[in-house]
Chemist: 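The structure follows.
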Amino acid sequence: MSDTELQVVDDESQLDADDRLKPEFVDAVLAAVEAGDDEAARALVEPLHAADIADLFELVAEDRRAALAKALADLLDADVFAEMNDYVREDVIDTLDARQVADIASELDTDDAVAIIEDLDVEDQREVLRAMEPDDRAAIEEALSYPEESAGRLMQRELIAVPEHWTIGDTIDFLRGHEELTTDFWEVFVVDPSHRPVGTVALSWILRTPRAIPIADVMQREQTLIPVDMDQEEVALRFQKYALISAAVVDGSGRLVGMITVDDVVHIIQEEAGEDTLKLAGAGDGDINEPLAVTVRTRVAWLVVNLGATMLSASVVGLFQGEIARFALLAALMPIVSALGGNAGTQTLAVVVRALATNQLTSSNTLRMLLREFRVAIFNGIALGAIGALGSYVILGNAGLSVVFAVAMIINSIVAGLVGVMVPVALDKANVDPAVSSAVFVTTMTDVMGFFSFLGLAALWGLGG
């Protein structure tokens, strides 16, 4: 390394973790790797938190990650892989052999280990599983048997469960006498002889209760149980609704098979919220580390659908080309009717999709929601129509055109409000994700109705005559 690079290293070593991921620091690490000085690269990276090391790999170009992983091999522990972006983790894991991946997975909680192994090719999965200890392999294979994005994939098997006939003293002795027990837990699950959860006891209660008291006397019997096949989005909603820190996961017979903790749910909430937003825009996963071919394929498919919708709108305009040719001012105002209708529809759509995702909108209140948005649409349409009519009259000086413009705005606003509710609700009833498909239908309807109402009214008014 040059003197300048060494100076950068010395300066950066005094910085906080956030500062160490600045361009100068990343360049210094890569310079050490390219110079073959793996020791210097490790010395730079070693003080970083596992999450910061994971971020470092995300900041590095794909073709340089393998060399960086080789240089930092000793620092790539389970915690680092647990924090990595999915696509980046795949790149790094490709540089490791099955034994190394198995060792890393064995150090992780089951849910984090599953997140690593589930993305591997089938043959690679088999090699990694064969290299694992039998108990670890059995837990991973069981998790992989559950549907993707289900509680079974999300849960961890490492938990504390005790029988209901124990005392507080028995429980404390058990916790102290078994070093292999998990160290990350907030409550102890109490189970019956069939291993069905019958209650929970917070650690604070265990610490504050006399040893002789039966644990059944202090446990909280009311609990929220998560079915093993429940979708992770519904799991997140339950955690939000009931302010849970952790929750027991049960199989079809009601037996305790795992636990989900709030730190996993926070990740799911963030993931699902971002996912729905990106789906509405047709941007796929929206991950800057996503392979280029996947990004292009996702976006092109969405844009082709939108092109078809635009062609449909154009065909409506073509029906009135005579009126437009005779009264050119129609061409100046009709995009405004369409655009504002589209914006109004998107507003309603965003509210409805979120309400569906959070279970605020169900079959019991769909009609009330529809009537509410209908009233909102009428008021918005009248306001926009009045302002638009006044503006068009001031600019163009044609009273008839201004009236037609105002009425068309009101009609399209009402259409936007109605389809903004009905389209996502209908798709949800058909088990189609409304976040993926609603936008194109709503914008198509508002475009078509905007052009048709404005140009049709203009023709009836005789503006093109």
Side-chain angles (χ1 to χ4, degrees), residues 82 108-115 118 138-140 142-164 166 168 171 174-175 178 180-209 215-276 356-360 362:
L108 292 168
D109 288 336
T110 315
D111 56 329
D112 292 324
V114 170
E118 67 182 353
I140 299 298
E142 180 188 0
L144 292 173
S145 68
Y146 297 120
E148 290 188 23
E149 299 189 345
S150 67
R153 292 285 184 100
L154 184 62
M155 72 181 181
Q156 59 191 63
R157 273 74 178 167
E158 299 80 9
L159 53 81
I160 308 295
V162 300
E164 57 184 329
W166 276 13
I168 292 294
T171 303
F174 173 71
L175 295 176
H178 294 76
E180 73 278 6
L181 294 176
T182 182
T183 57
D184 297 326
F185 64 99
W186 295 272
E187 59 186 357
V188 171
F189 296 100
V190 183
V191 296
D192 66 13
S194 299
H195 207 67
R196 294 184 176 90
V198 294
T200 61
V201 182
L203 284 177
S204 58
W205 276 96
I206 293 175
L207 293 174
R208 296 169 58 190
T209 304
I215 200 165
D217 290 352
V218 296
M219 72 179 181
Q220 181 178 341
R221 295 185 179 275
E222 183 180 347
Q223 56 183 325
T224 300
L225 302 178
I226 307 293
V228 73
D229 57 353
M230 177 179 284
D231 184 84
Q232 65 178 22
E233 197 166 353
E234 179 63 28
V235 173
L237 289 174
R238 290 201 178 186
F239 267 74
Q240 286 180 294
K241 183 175 182 178
Y242 300 114
L244 303 177
I245 296 177
S246 62
V249 180
V250 295
D251 61 16
S253 61
R255 297 180 70 253
L256 178 65
V257 294
M259 158 181 87
I260 295 176
T261 54
V262 69
D263 58 318
D264 297 314
V265 172
V266 168
H267 172 72
I268 296 303
I269 292 172
Q270 181 183 25
E271 182 181 273
E272 293 288 349
E275 186 179 278
D276 287 347
L356 287 169
T358 57
N359 281 345
Q360 288 182 316
T362 63

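Numbering starts at 1 and runs along the sequence shown.
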Chemist: Applying side-chain hydrogen bond (donor to acceptor under 3.5 Å, both in side chains), name anything that partners Gln156, two or more places apart in sequence or on another chain.
Modeler: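 Residues passing side-chain hydrogen bond (donor to acceptor under 3.5 Å, both in side chains) with Gln156: none at all.
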Chemist: Who are the side-chain hydrogen bond (donor to acceptor under 3.5 Å, both in side chains) partners of Ser204, not counting sequence neighbours?
Modeler: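 Ser204 satisfies side-chain hydrogen bond (donor to acceptor under 3.5 Å, both in side chains) with no residue once adjacent residues are dropped.
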Chemist: Taking only residues two or more places apart in sequence, or in another chain, which ones meet Arg157 in a salt bridge (charged side-chain N to carboxylate O under 4.0 Å, His left out)?
Modeler: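 Listed in chain order: nothing, the list is empty.
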Chemist: With sequence neighbours left out, what residues match Val201 under side-chain contact (heavy atoms from CB on, under 4.5 Å)?
Modeler: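 Scan of Val201 (side-chain contact (heavy atoms from CB on, under 4.5 Å), adjacent residues dropped) gives Val190, Trp205, Ile206, Ile215, Val218, Met219.
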Chemist: Going from OG on Ser150 to CE on Met155, what distance comes out if it is rounded to the nearest 0.5 angstrom?
Modeler: 8.0 Å
Chemist: Test of understanding: with side-chain hydrogen bond (donor to acceptor under 3.5 Å, both in side chains), list the residues that count as partners of Arg238, not counting sequence neighbours.
Modeler: none
Chemist: Out of curiosity, Ile160 CD1 to Leu181 CG, how far, rounded to the nearest 0.5 Å?
Modeler: 4.0 Å
Chemist: Under the side-chain contact (heavy atoms from CB on, under 4.5 Å) test, which residues partner Ala139, sequence neighbours left out?
Modeler: Thr110
Chemist: Which heavy-atom pair separates Ala151 from Ile260 by the least distance, and what is that distance?
Modeler: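 Of all heavy-atom pairs spanning Ala151 and Ile260, the closest is CB-CD1, 3.9 Å.
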Chemist: I need the full list of side-chain hydrogen bond (donor to acceptor under 3.5 Å, both in side chains) pairs touching residues 246-257, with sequence neighbours left out, sorted by first then second residue.
Modeler: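 Residue pairs with at least one partner in residues 246-257: Glu187-Ser246, Asp251-Ser253.
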Chemist: Distance check, rounded to the nearest 0.5 Å: Asp112 atom CG versus Leu154 atom CG?
Modeler: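 It is 9.5 Å, given to the nearest 0.5 Å.
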Chemist: Could you work out, with ring-ring contact (aromatic ring centres under 6.0 Å, His included) as the rule, every residue matching Phe174, not counting sequence neighbours?
Modeler: Trp166, His178
Chemist: Using the salt bridge (charged side-chain N to carboxylate O under 4.0 Å, His left out) criterion, which residues pair with Glu142? Sequence neighbours excluded.
Modeler: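 Testing Glu142 for salt bridge (charged side-chain N to carboxylate O under 4.0 Å, His left out), a comparison that skips the adjacent residues, returns none.
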Chemist: With sequence neighbours left out, write down each residue that passes side-chain contact (heavy atoms from CB on, under 4.5 Å) with Arg208, or none if nothing qualifies.
Modeler: none
Chemist: Do Arg196 side-chain atoms and Val191 backbone N/O form a donor-acceptor pair below 3.5 Å?
Modeler: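 No; judged by distance alone, with no hydrogens or angles, the pair does not exist.
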Chemist: With heavy-atom distances below 4.5 Å as the criterion, would you say the side chains of Arg221 and Thr200 are in contact?
Modeler: no
Chemist: Sequence neighbours left out, cut at 3.5 Å: what donor-acceptor pairs do the side chains of residues 222-230 make with other protein atoms?
Modeler:
from   : atom 1 : to     : atom 2 : distance (Å)
Gln223 : NE2    : Pro197 : O      : 3.2

Chemist: Minimum heavy-atom separation for Tyr146 and Arg153, please, with both atom names.
Modeler: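 Nearest pair, atom of Tyr146 first, then Arg153: O-NE, 3.0 Å.
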Chemist: If I take atom CD from residue Glu158 and atom CD from residue Glu180, how far apart are they, to the nearest 0.5 angstrom?
Modeler: 12.0 Å
Chemist: Between Phe185 and Thr261, is there a side-chain heavy-atom distance shorter than 4.5 Å?
Modeler: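 Sidechains of Phe185 and Thr261: no contact.
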Chemist: Residues two or more places apart in sequence or in another chain: which of them pass side-chain hydrogen bond (donor to acceptor under 3.5 Å, both in side chains) with Glu164?
Modeler: none
Chemist: Can you measure from CD (Glu148) to CD (Gln232) and round to the nearest 0.5 angstrom?
Modeler: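 Going from CD on Glu148 over to CD on Gln232, the span is 10.0 Å.
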